[in-house]
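Worksheet for the structure shown next.
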Number of protein chains: 2
Amino acid sequence: MARPRKPLLSRERIVTTALALIDAEGLPALSTRRLAAELGVSGPSLYNHFTTKDEILDAVADTVMAKVDVSTFQAGGSWRAGLLDWARSYRAALAAHPHIVPFLAQGPGRRPAALKMADAAFGGMVEAGWPPAQATRICAMVRYFVAGSALGSFARGFVDDPGAYDPADYPHLGQAHLLPEHQRQVDEGAFEDGLRALVDGLALQHPARLPQPDRIQQR
Amino acid sequence: MARPRKPLLSRERIVTTALALIDAEGLPALSTRRLAAELGVSGPSLYNHFTTKDEILDAVADTVMAKVDVSTFQAGGSWRAGLLDWARSYRAALAAHPHIVPFLAQGPGRRPAALKMADAAFGGMVEAGWPPAQATRICAMVRYFVAGSALGSFARGFVDDPGAYDPADYPHLGQAHLLPEHQRQVDEGAFEDGLRALVDGLALQHPARLPQPDRIQQR
DNA sequence: ACCTGAACACCGTTCAAGT
DNA sequence: ACCTGAACACCGTTCAAGT
């Protein structure tokens with residue numbers, strides 16, 4: 001074929017197809033050759049639009065992060081409301097694409113959507129009176145909790161076979177084989193309970209609650 | 001060479017070498033051929049000891065999980081002490097081998113060390129008065145938090161280059177380029193603050209604190 | 001500028017052949 | 001039982017060649 005008059009590929013089409021492939025078959029299924037086949041071109045064609053496979057993954061990651069909603073922080077409500085809305089939206093965005101979470105969790109790097117989220121969350125917490133060092137740690141712990149919960153289902157991590165849990169070895173796991181059946185309830189319940197606990201517990205750490213020592217803020 | 005009079009390989013030697021390779025160069029560096037070379041044998045030799053590469057990873061994963069200490073639960077102290085000690089030990093075990101966390105986080109499956117940990121943690125919480133359904137969710141949220149924190153550093157996720165954070169785009173990230181320098185403090189501080197918040201917040205959810213409705217326990 | 005096929009150094013896994 | 005080399009169908013990436 002050689003060069004067509006109208007490009008067959010675009011960065012956008014590559015990214016969209018890559019994400020669909022990852023969602024459908026997992027990260028290992030995304031090979032450049034398989035992706036190219038899915039797009040109707042030969043393998044090396046992709047290198048006209050991205051210099052490396054990792055760069056494709058970066059673009060996919062930023063697409064996912066762009067779905068996270070941080071508007072509550074910008075609306076200037078309480079830090080509790082901002083944090084709750086952010087964390088829930090963050091988890092929803094990641095849980096929709098669990099196979100790319102290990103890659104995402106490597107941090108924002110230079111990806112604009114990831115940086116925009118970090119900026120809004122950190123800024124929102126600081127404006128709500130959190131010292132920068134604490135605001136940083138809170139952003140980190142939310143990332144931990146969200147990424148961990150989106151990385152893989154807790155409930156589906158247990159096998160669906162009563163015979164796998166010998167009472168002699170695991171006296172308390174007699175019901176564990178039922179977990180996969182209730183995957184959604186367990187995982188969403190755990191996330192909600194945990195998020196609530198986290199926010200309640202953080203409230204106790206807010207400087208407004210403490211006797212005010214003068215300026216030991218640091219970063 | 002063909003068959004030697006004394007086996008060159010053992011499951012243990014394979015697992016130890018695999019973990020060292022993963023730690024040193026990351027999960028993608030673990031190929032069966034590379035691992036075999038490291039062990040001084042040819043690629044297919046491994047298949048005399050494991051039926052698949054994934055089975056090797058399973059064994060590596062269980063080795064890591066075996067390091068988690070759940071003895072505080074068995075000592076029968078408070079659920080707070082049990083949870084704190086467990087979570088810290090769990091994180092230490094995983095953070096020592098961050099590259100295998102995405103694999104680990106797929107759940108215990110049939111791996112004995114992972115099941116033993118789940119059994120002790122769940123059992124400990126139930127014996128401390130938590131209804132089974134809540135105990136399950138607490139184990140899940142601890143896994144989320146620990147796996148997320150061990151998956152990758154929050155601080156090192158930011159690039160070490162002031163030029164990466166245009167104030168016009170990211171007004172609050174002016175200091176973000178300093179984060180990688182303080183990786184340990186930030187990540188450990190975030191984990192400790194988060195764990196404390198989680199435990200404090202959970203205390204508010206313990207049934208002993210609530211007016212006792214009669215038997216709405218479920219699982 | 002944007003596609004192609006050929007080529008390179010890799011993969012995981014199977015299998016017949018050796019002792 | 002436990003190792004080997006050869007073979008199969010895959011990888012990511014480079015590059016010269018086409019339009």
Side-chain angles (χ1 to χ4, degrees), chain A residues 1-62 99-100 102-104 106 109 111, chain B residues 1-62 99-100 102-104 106 109 111:
Chain A
M1 182 187 302
R3 170 160 133 86
R5 33 185 72 231
K6 240 226 149 190
L8 295 174
L9 296 178
S10 66
R11 287 176 65 98
E12 204 200 330
R13 214 162 82 75
I14 293 170
V15 168
T16 306
T17 309
L19 181 55
L21 188 52
I22 292 168
D23 286 345
E25 307 188 27
L27 204 50
L30 185 81
S31 73
T32 56
R33 293 163 125 108
R34 174 73 195 283
L35 174 57
E38 215 82 34
L39 288 159
V41 297
S42 80
S45 303
L46 301 171
Y47 291 85
N48 286 294
H49 303 269
F50 291 94
T51 63
T52 197
K53 183 188 172 182
D54 247 55
E55 211 183 77
I56 300 177
L57 278 173
D58 258 333
V60 171
D62 217 40
H99 294 130
I100 210 189
F103 188 88
L104 270 174
Q106 290 173 201
R111 299 194 297 264
Chain B
M1 181 187 302
R3 169 160 134 88
R5 32 185 70 232
K6 240 224 147 192
L8 296 174
L9 295 177
S10 66
R11 286 176 64 99
E12 205 199 330
R13 216 163 80 75
I14 293 171
V15 168
T16 306
T17 308
L19 182 53
L21 188 52
I22 291 169
D23 286 345
E25 308 188 27
L27 203 51
L30 185 82
S31 72
T32 56
R33 293 163 125 107
R34 173 76 194 281
L35 174 56
E38 215 82 32
L39 288 159
V41 297
S42 80
S45 302
L46 301 171
Y47 291 85
N48 285 295
H49 303 268
F50 291 94
T51 63
T52 198
K53 183 187 172 184
D54 248 56
E55 210 184 78
I56 300 179
L57 278 173
D58 259 333
V60 171
D62 217 41
H99 293 131
I100 210 188
F103 188 87
L104 270 174
Q106 290 172 203
R111 299 195 296 265

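So that the names make sense, note that chain A is the first sequence line, chain B the second, and so on, each numbered from 1.
Rounded to the nearest 0.5 Å, atoms CD (A:Glu12) and OG1 (A:Thr17) are 10.0 Å apart. A distance of 12.0 Å separates NE2 in A:His49 from CD in A:Glu55, rounded to the nearest 0.5 Å. Taking OG1 of A:Thr32 as the reference point, atom CG of A:Leu39 lies at 11.5 Å (rounded to 0.5 Å). Note: B:Asn48 CG to B:Leu9 CG = 8.0 Å, rounded to the nearest 0.5 Å.
Across D:dG5, C:dT13, C:dT4, the shortest atom-to-atom separation from the side chain of A:Asn48 is found for C:dT4. For B:Pro44, taking side-chain heavy atoms from C-beta onward, the closest of the listed nucleotides C:dC3, C:dT4, C:dC15 is C:dC15. For A:Val41, the side-chain atoms get nearest to C:dT4 when compared with the rest of D:dT14, C:dT4, D:dC3. Checked against D:dC2, D:dT4, C:dG5, the side chain of B:Ser42 finds its nearest nucleotide in D:dT4. The listed nucleotides are C:dT4, C:dG12, D:dC2; the one nearest the side chain of A:Ser45 is C:dT4. Among the nucleotides C:dC3, D:dG12, C:dC11, the one closest to the side chain of B:Arg34 is C:dC11. Side-chain proximity of B:Arg33 to D:dG12, C:dC3, C:dG12: nearest is C:dG12. The side chain of A:Lys53 approaches D:dT13 more closely than any other nucleotide in the set D:dC2, D:dT13, C:dC11. For B:Leu8, the side-chain atoms get nearest to D:dC3 when compared with the rest of C:dG12, C:dC3, D:dC3.
Between D:dT13 and A:Thr52, a contact under 4.0 Å exists linking OP1 or OP2 to a side-chain N or O. Contact check, B:His49 against D:dC3: a side-chain N or O comes under 4.0 Å of OP1 or OP2.
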Dot-bracket for DNA chain D, please. Rules: Watson-Crick or G-U, both distances under 3.5 Å, ( ) within the strand, [ ] when a pair crosses earlier ones, | for another strand, . otherwise. ||.|||||...|||||.||

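Under the side chain to side chain contact (heavy atoms under 4.5 Å, CB included) rule, A:Val60 has a single partner from A:Val15, A:Ile14, A:Leu21, which is A:Val15.
When the P atom of D:dC11 is taken as reference, atom CG of A:Asp54 falls 17 Å away, rounded to whole Å. One can place NZ of B:Lys6 at 22 Å from P of C:dT19, the figure rounded to the nearest angstrom. Atom CZ of B:Arg13 is separated from atom C1' of D:dC2 by 14 Å (rounded to the nearest Å). Computed from coordinates, the A:Leu9 CG to C:dT4 C1' distance equals 12 Å when rounded to whole Å. What separates CD of A:Glu55 from C1' of D:dG12 is a distance of 14 Å, to the nearest Å. One atom, CD of B:Glu25, and another, P of C:dC10, lie 13 Å apart when rounded to the nearest Å. Straight-line distance from the CG atom of B:Leu30 to the P atom of C:dG12: 8 Å, rounded to whole Å. The interatomic distance linking B:Leu46 (CG) with D:dA1 (P) rounds to 19 Å, in whole Å.
For A:Ala61 against A:Ile100, the heavy-atom pair with the smallest separation is N-CD1, 3.9 Å. Pairing each heavy atom of B:Lys53 with each of B:Leu30, the nearest pair is NZ-O, 2.8 Å. Looking at every heavy atom in both residues, B:Thr52 comes nearest to B:Tyr47 through CA-CE2, 4.2 Å.
Residue contacts for A:Ser31: at a heavy-atom cut-off of 4.0 Å it reaches the sugar-phosphate backbone alone, with no base atom in range. Residue contacts shown for B:Leu35 are absent, as no nucleic acid heavy atom lies under 4.0 Å away.
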